[in-house]
Amino acid sequence: MSHSEAEKIRQCVAGAVQKFAGEPGPLIEILHAIQDELGCVPPEAVPPLAESLNLSRAEVHGVISFYHHFRERAPGRYVVQLCRAEACQSMNSRALEEFVRGRLHLDFGQTTPDGRITLEPVYCLGNCACAPSMMVNGELHGRVTPERFGEIAKEWGVA
Amino acid sequence: MSMPVTVYVPGDASACSLGADRVARAIEAEAGKRGRAVNVVRNGSRGMFWLEPLVEVATPAGRVAYGPVGAGDVAKLLDAGLLEGGAHALRLGDISAHPWLASQQRLTGARLGIVDPASVVDYVAHGGYVGLRNALAMQPADIVRAVTDSGLRGRGGAAFPTGIKWQTVHDQKAAQKYIACNADEGDSGTFSDRMLMEGDPFALIEGMTIAGVAVGATQGYIYLRIEYPHAARALAKALQAARAIGYLGNDILGSGKRFDIAVRLGAGAYICGEETSMLESLEGRRGEVRVRPPLPAIKGLFGQPTVVNNVVTLASVPVVLARGAQFYKDFGAGKSRGTIPLQLAGNVKQGGLVERAFGLTVKELVYGYGGGSATGRPVRAVQIGGPLGAFLPVSEFDTPLEYEALSAKNSLLGHGGVVVFDDHVDMARMARYALEFCAIESCGKCTPCRLGSTRGVELVDRIIAGRADSSRNGAQAADLALLDELCDTMFNGSLCGLGGLTPFPVRSALKHFREDFQRAT
């Protein structure tokens, strides 16, 4: 890691800590702020974070690793979250899952080599009367069919 | 230009997932081209999702609905006189008169799809804040009594009497008390919390404020799941509006009482919908379940007395205080009083939000409101109450949707979600999924949940692999018995409902759909 990257992380941590300093139990709020800015919570953020909150590194790491949302590496430009829960399964999301994995050549948790697309599982998006559902960078899509997926994926440059 | 015409295009996440944002933009653009002024209001959804995006136009004769409207329909709709309520194939007329809505009993969701969720003025114009005004004129103990008398029970799943919880917090002596709203609506098949937060957020804000006044809490937290960005935006807007006009802050409506609300986002953990795990997460820690006692009402958030209620529960409080405990209690069946916003989801033709007094049967819901499966195939099962809820076969569809009746069938109402499956469903795979989900989401604190779920997945995998192999009949029977035994251990030995209730879907699948675990497929 270059000096400037390390400095960027340090400043981001300091800014986030300062922003929530007055609030009780602020660690998760701070982690959100860091991930919103850097795209992830890099391992290098843990020591300064632990020190400024008077927590052990293990405690901070324990929180980061507990939650599915927090990640150690920045994801692709498009984060594709496919819902795997029951309501989507009832509308054949398992077949959609197979299709999407094949089309993107990705398994869950993987990112395309060009850093464009990350595929993630999600367990319910609250769109259960319009299943199957998918969220892409916070935008929700309902009644997703393989055909519809293909149209949406064109916007990400997937042929 | 003439007076702008008000056009309602839902900003509800589900409506948006079907293109409502594009429809709203198209209406503005096409109206502009025609020199017509429009005021597009992004309302909540009425909950008729097969008709979304459902556009409504305010005409002198009342609101006229069109749906489902695609962005490509907009130009032709305007040519047909959309802004005057003109005739068109998509015209539905007065949607509130539609039997699907007119037959409902919307108390908690009375304003859904009707009001502008960003406007406190609109909320007040539709009966909002009457409950809080009444509450501010009452003694705190009397507010608690009204909630107790209404028979309101926690709508998040545990169905604990809300008034009793409030009474406990009210009776504690503490410098700081909290209202913690559980908006971690993680059950598949549920979306009533989401719809309320997006479509009528002031109902939740008012309910939390009443709770604060009743028990002497000055700070509220909404623990909102990260998967709900639309709700986060709606809440942020509504909280700001409520503060600006004095419905939140240091002197609520000049009463001298203080109450404010902060939203804290979850980070993708189903277990944080369990109340003690949610409190841990609100405190910035791993969402591991706490051992009870002490109850959160005595030692909750940051060690202080805390009311923990879910969104629908708190949003049901204003109507209790506005119309009276008896009014609310007169709805319902048995010990399940009031109304329940049921969420009809999955493989169903007419899915959405059905708020009715407790007691509607599964059959009335699935066929009456739902119109059967979306695929047109025969319905084979429903799962009620999310991933920890039991599967019911069609032969059990006369069961009324209320707490005790479902409990008697080793089932639960949970958060009121009903997911429909057609005859393509493989119930062995659904049982496997229930265990897999438990393994993914287990907080790891207790062994039956952490390990039992993984052993369960392995066991069901073996059972599924053995279905086609008739020479394995004896081993198959032994595995099925072992699976039942594992369920017994998880049910009796787990610390909370995740490990403890995962046996519900597994055992109900085994009981009602045993052929799926045995036959060759």
Side-chain angles (χ1 to χ4, degrees), chain A residues 20 23-33 35-36 41 53 55 59-71 81 83-95 120-144 148, chain B residues 13-14 16-18 47 49-50 52 185-191 193-194 225-231 262 264-270 281-288 302 343-348 351-353 374-375 383 386-387 417 419-422 424-425 429-430 433 437 440-441 443:
Chain A
F20 295 101
E23 297 196 14
L27 179 55
I28 292 176
E29 298 281 276
I30 292 170
L31 293 174
H32 275 304
Q35 183 156 308
D36 287 350
V41 182
L53 295 175
L55 296 169
E59 281 173 296
V60 174
H61 176 74
V63 171
I64 295 169
S65 59
F66 183 85
Y67 295 96
H68 300 305
H69 176 70
F70 296 126
R71 44 169 78 95
Q81 295 176 298
C83 181
R84 302 190 66 201
E86 293 91 338
C88 286
Q89 289 183 42
S90 78
M91 290 301 284
N92 212 10
S93 65
R94 286 169 199 245
E120 290 186 344
V122 70
Y123 297 89
C124 196
L125 293 163
N127 196 32
C128 319
C130 309
S133 301
M134 168 174 85
M135 194 177 261
V136 183
N137 292 357
E139 192 184 338
L140 187 59
H141 300 272
R143 295 186 200 138
V144 182
R148 179 80 190 110
Chain B
S14 278
C16 292
S17 85
L18 303 173
F49 289 116
W50 75 101
E52 291 288 0
E185 184 178 52
D187 288 354
S188 176
T190 67
F191 43 79
D193 289 354
R194 180 186 64 67
R225 63 198 300 258
I226 189 86
E227 293 85 352
Y228 281 0
H230 300 77
R264 285 203 167 180
L265 287 180
Y270 176 75
S281 188
L282 271 174
E283 293 182 14
R285 287 199 287 270
R286 291 164 66 89
E288 285 182 9
F302 302 116
Q343 301 121 85
L344 186 52
N347 194 337
V348 64
L353 188 81
T375 46
Q383 186 178 24
V419 177
V420 182
F421 294 85
D422 73 12
H424 273 161
V425 67
R429 291 206 177 274
M430 296 316 296
Y433 174 80
F437 182 71
I440 293 167
E441 298 295 338
C443 83

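Proteins come first, then strands; the chains are lettered A, B, ... in the order of their sequence lines, and each starts at number 1.
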S.K.: Given the options Glu23(A), Gln35(A), Glu86(A), Met135(A), which has more heavy-atom pairs under 4.5 Å with chain B than any of the others?
M.R.: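 Option with the top pair count is Glu86(A).
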S.K.: Minimum heavy-atom separation for Ala374(B) to Met91(A), with atom names?
M.R.: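 Looking at all heavy atoms of both residues, the closest pair is CB-CE, 4.0 Å.
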S.K.: Do you know which of Asp193(B), Ile440(B), Val425(B), Leu353(B) has the most heavy-atom pairs under 4.5 Å to chain A?
M.R.: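 Ranked by heavy-atom pairs under 4.5 Å with chain A, first place is Ile440(B).
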S.K.: I need the residue from Ser90(A), Ser65(A), Pro132(A) with the largest number of non-hydrogen atom pairs under 4.5 Å to chain B.
M.R.: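 Top count of heavy-atom pairs under 4.5 Å with chain B: Ser90(A).
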S.K.: Would you give the length of the straight line joining atom CG of Leu140(A) to atom CD of Glu227(B), rounded to the nearest 0.5 angstrom?
M.R.: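 Separation between the atoms: 11.5 Å.
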S.K.: Mind running side-chain contact (heavy atoms from CB on, under 4.5 Å) on Cys128(A) and Thr190(B) for me, showing each step along the way?
M.R.: CA-CA 7 Å; Cys128(A) 319; Thr190(B) 67; 5.9 Å; no
S.K.: What part of Asp422(B) lies closer than 4.5 angstrom to a heavy atom of chain A: side chain, backbone, both or neither?
M.R.: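 For Asp422(B), no heavy atom lies under 4.5 Å from chain A.
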S.K.: Measure across Val63(A) and Gly284(B) and return the closest heavy-atom pair with its distance rounded to 0.1 Å.
M.R.: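 Here Val63(A) and Gly284(B) meet closest at CG2-O, 3.8 Å.
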S.K.: Heavy-atom distance under 4.5 Å to chain A: side chain of His230(B), backbone, both or neither?
M.R.: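 Answer is side chain: those atoms of His230(B) sit under 4.5 Å from chain A.
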S.K.: Would you mind checking which part of Val122(A) comes under 4.5 Å of any heavy atom in chain B, side chain (CB onward), backbone (N, CA, C, O), both or neither?
M.R.: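 Interface part for Val122(A): side chain.
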S.K.: Identify which part of Glu288(B) has an atom lying under 4.5 Å from any heavy atom of chain A, answering side chain, backbone, both or neither.
M.R.: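 Contact with chain A involves both backbone and side-chain atoms of Glu288(B).
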S.K.: Ser14(B) side chain to Asn127(A) main-chain N or O, any donor-acceptor pair under 3.5 Å?
M.R.: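 Flag not set: sc Ser14(B) to bb Asn127(A) has no pair under 3.5 Å.
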S.K.: Any chance you could measure Tyr433(B), atom OH, to Gln89(A), atom CD, to the nearest 0.5 Å?
M.R.: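 These two atoms lie 5.5 Å from each other.
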S.K.: Quick check on the interface: out of Gly47(B), Ala269(B), Gly351(B), Gly189(B), who has the most heavy-atom pairs with chain A under 4.5 Å?
M.R.: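 Of the options given, most contacts go to Gly189(B).
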S.K.: Given the options Arg84(A), Met134(A), Glu59(A), Glu139(A), which has more heavy-atom pairs under 4.5 Å with chain B than any of the others?
M.R.: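 Most heavy-atom pairs within the cutoff with chain B belong to Arg84(A).
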S.K.: Taking side chain as everything from C-beta outward and backbone as N, CA, C, O, which of these in Arg71(A) sits under 4.5 Å from a heavy atom of chain B? Side chain, backbone, both or neither.
M.R.: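 Contact with chain B is absent: no heavy atom of Arg71(A) under 4.5 Å.
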S.K.: Hey, is the main chain of Gly62(A) close enough, under 3.5 Å, to the side chain of Arg286(B) for a donor-acceptor pair?
M.R.: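 Checked: pair present.
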S.K.: Please rank Glu185(B), Arg225(B), Gln343(B) by heavy-atom pairs under 4.5 Å with chain A and give me the top one.
M.R.: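 The option with the most such pairs is Arg225(B).
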S.K.: Specify the closest pair of heavy atoms between Ser281(B) and Tyr67(A), including all atoms of both residues, with the distance to one decimal.
M.R.: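 So the minimum-distance heavy-atom pair works out to OG-OH, 2.9 Å.
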S.K.: Supply the atom-to-atom distance Cys124(A) SG to Phe437(B) CZ, rounded to the nearest 0.5 angstrom.
M.R.: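 One gets 8.5 Å once the value is rounded to the nearest 0.5 Å.
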S.K.: Look at Ala345(B), Gly386(B), Ser188(B) and state which one has the largest set of heavy-atom pairs under 4.5 Å with chain A.
M.R.: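 Between Ala345(B), Gly386(B), Ser188(B), the count favours Ser188(B).
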S.K.: Under the rule for side-chain contact (heavy atoms from CB on, under 4.5 Å), what residues qualify as partners of Ile226(B), not counting sequence neighbours?
M.R.: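 With neighbours one apart ignored, the set is His32(A), His69(A), Leu265(B).
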S.K.: Just give me the residue among Ala13(B), Cys16(B), Gly287(B), Gly186(B) that pairs up with chain A most often, heavy atom to heavy atom, under 4.5 Å.
M.R.: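 Of Ala13(B), Cys16(B), Gly287(B), Gly186(B), Gly287(B) has the most heavy-atom pairs under 4.5 Å with chain A.
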S.K.: Of the listed residues (Phe49(B), Phe302(B), Trp50(B)), which shares the most heavy-atom pairs with chain A below a 4.5 Å separation?
M.R.: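 The residue among Phe49(B), Phe302(B), Trp50(B) with the greatest pair count is Phe302(B).
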S.K.: Determine whether Arg94(A) and Arg429(B) make a side-chain contact, defined as any pair of heavy atoms from C-beta on separated by less than 4.5 Å.
M.R.: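 Arg94(A) reaches Arg429(B) side chain to side chain.
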S.K.: Using 0.5 Å steps for rounding, measure from the CD atom of Glu29(A) to the CZ atom of Arg264(B).
M.R.: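 Rounded to the nearest 0.5 Å, the CD-CZ separation comes out at 4.5 Å.
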S.K.: Do Glu441(B) and His68(A) come close enough that some side-chain heavy atom pair is under 4.5 Å?
M.R.: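 In short, these two side chains touch, coming nearer than 4.5 Å.
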S.K.: Can you give me the closest heavy-atom contact between Gly126(A) and Tyr228(B), atom names plus distance?
M.R.: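 Closest heavy-atom pair between Gly126(A) and Tyr228(B): CA-OH, 3.5 Å.
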S.K.: Please name the pair of heavy atoms, one in Pro229(B) and one in Gly138(A), separated by the smallest distance, quoted to 0.1 Å.
M.R.: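 Heavy atoms only, the tightest pair is CG-O, 3.9 Å.
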S.K.: Measuring heavy-atom distances to chain A, does Leu282(B) have an atom under 4.5 Å in its side chain, in its backbone, in both, or in neither?
M.R.: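 Contact with chain A involves the backbone of Leu282(B) alone.
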S.K.: If you measure from the Lys or Arg side-chain nitrogens to the Asp or Glu carboxylate oxygens, is any gap between Arg143(A) and Glu52(B) under 4.0 Å?
M.R.: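 Result for this pair is no, no salt bridge flagged.
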S.K.: Against chain A, label Gln383(B) side chain, backbone, both or neither, depending on which of its atoms sit under 4.5 Å from a heavy atom there.
M.R.: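 Side chain only.
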